[in-house]
Amino acid sequence: MKRQQIVAGNWKMNKDYEEGRDLTKGIVDAMQPSDTLVILGTPYIHLMNVSRIIKDISNVHLAAQNCHQEESGAYTGEVSAPMLKSCGVGYVILGHSERRAYFHEDDELIAKKVDAVLANGMQPIYCCGEPLEVREDGKQNELVAEQVKTALFHLSKEDFSKIVIAYEPVWAIGTGKTASPEQAQEMHAHIRKLVREQYDDATADGLSILYGGSVKPGNAKELFSQEDVDGGLIGGASLKAKDFVAIVNSF
Ligand code: 13P
């Protein structure tokens, strides 16, 4: 079964309005037609405009980087799933390690956000991954299994089939230190095995699992050539059109 290959950019808290427009146009202009699904994960202020710029390009989609678990209400400063949907958002990055570390999100909360995103017809990009001390203890498989089970395994098979998982070891994010292709492959195979045990072969074989953490044009090809690595979630290198498109072209 051929899985969907995906390259998703996570701009994090970068780019003002004009810079975001220029980056999007730069990416769109440099892209060659391909079967790879390209997702731009922008701050909220860019969503409407990026959605307009990419609307005629069938393989380019829009992601938000978070959303609130409730549909509406007195939650000053928050943005809900129905609001994102109304801006043309197709994907929502959830459970990023920066949100876990700085905004105290845990997998019980992330599970609620997953439900909100699915209930509104969008697809979660669920991030998991271990901090350095857990890797040094050799406990990364247990931790990631716990994350995935708590946040996702309450879902029906039908809902689970809409999930994209991103494995992002915390020690590789923004550090220039990439997981080796073997380390990425080992964890991706582990995640796919968990999904196979919980659901079935078709669900496990259809799941796109992205690697994130210091992916660059120079290392993307080798990472993406691993059997269970179906693409990448790109931070720093998604902020330059040339680098991001070079990563898209690594497949
Ligand atoms: P970097 O590519 O900058 O390491 O960031 C990875 C990431 O956190 C993507 O979500």
Side-chain angles (χ1 to χ4, degrees), residues 5-15 19-20 23 27 36-44 46-47 50 61-67 84 89-103 105 107 110 113-114 117 122-132 134-135 140 143-144 147-148 151 163-181 183-184 187-188 191 208-224 226 229-251:
Q5 296 175 326
I6 301 174
V7 175
N10 176 7
W11 295 4
K12 307 191 179 181
M13 196 174 71
N14 292 293
K15 303 291 179 190
E19 291 165 344
L23 174 58
I27 291 168
T36 301
L37 180 62
V38 176
I39 301 174
L40 305 181
T42 81
Y44 295 134
H46 300 292
L47 292 174
V50 172
H61 290 246
L62 182 60
Q65 300 172 11
N66 180 34
C67 81
L84 296 176
V89 169
Y91 295 82
V92 184
I93 299 169
L94 293 174
H96 193 281
S97 63
E98 288 150 16
R99 295 217 56 89
R100 294 174 190 260
Y102 306 137
F103 303 98
E105 293 196 8
D107 282 296
I110 298 161
K113 296 187 175 201
V114 165
V117 166
M122 299 176 291
Q123 294 182 243
I125 301 175
Y126 170 74
C127 303
C128 55
E130 79 287 355
L132 183 61
V134 173
R135 164 89 31 189
Q140 65 273 12
L143 181 85
V144 169
Q147 291 176 328
V148 169
I163 300 288
V164 174
I165 291 183
Y167 168 58
E168 300 206 311
V170 179
W171 46 271
I173 295 177
T175 57
K177 216 169 142 188
T178 319
S180 68
Q183 285 172 322
M187 181 59 82
H188 286 218
I191 294 169
S208 295
I209 307 178
L210 316 183
Y211 168 78
S214 299
V215 179
K216 303 273 182 291
N219 58 26
K221 206 180 176 95
E222 208 187 347
L223 285 160
F224 295 175
Q226 301 299 307
V229 177
D230 306 306
L233 181 55
I234 321 298
S238 75
L239 300 173
K240 287 196 186 121
K242 195 162 157 275
D243 287 354
F244 186 65
V245 172
I247 293 171
V248 173
N249 291 339
S250 302
F251 273 114

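Numbering of ligands and ligand atoms starts at 1, following listing order. All values reported here derive from a predicted model rather than from experimental measurement.
The salt bridge (charged side-chain N to carboxylate O under 4.0 Å, His left out) check on Glu105 picks up Arg99, Lys113, with sequence neighbours excluded.
A heavy-atom cutoff of 4.0 Å around ligand 1 is satisfied by the protein residues Asn10, Lys12, His96, Glu168, Ala172, Ile173, Gly174, Gly213, Ser214, Leu233, Gly235, Gly236.
Other residues, nucleotides and ligands contribute at most 12 non-hydrogen atoms within 6.0 Å of the CD atom of Glu222.
Put simply, the side chain of Gln65 does not reach to within 4.5 Å of the side chain of Glu98, judged on heavy atoms.
Defined by atom type and a distance below 3.5 Å, a donor-acceptor pair is present between the side-chain atoms of Glu130 and Tyr167. A donor atom on one side chain and an acceptor atom on the other are not found under 3.5 Å apart for Gln226 and His188.
In this structure a side-chain-to-backbone donor-acceptor pair under 3.5 Å is present from Thr178 to Ser214.
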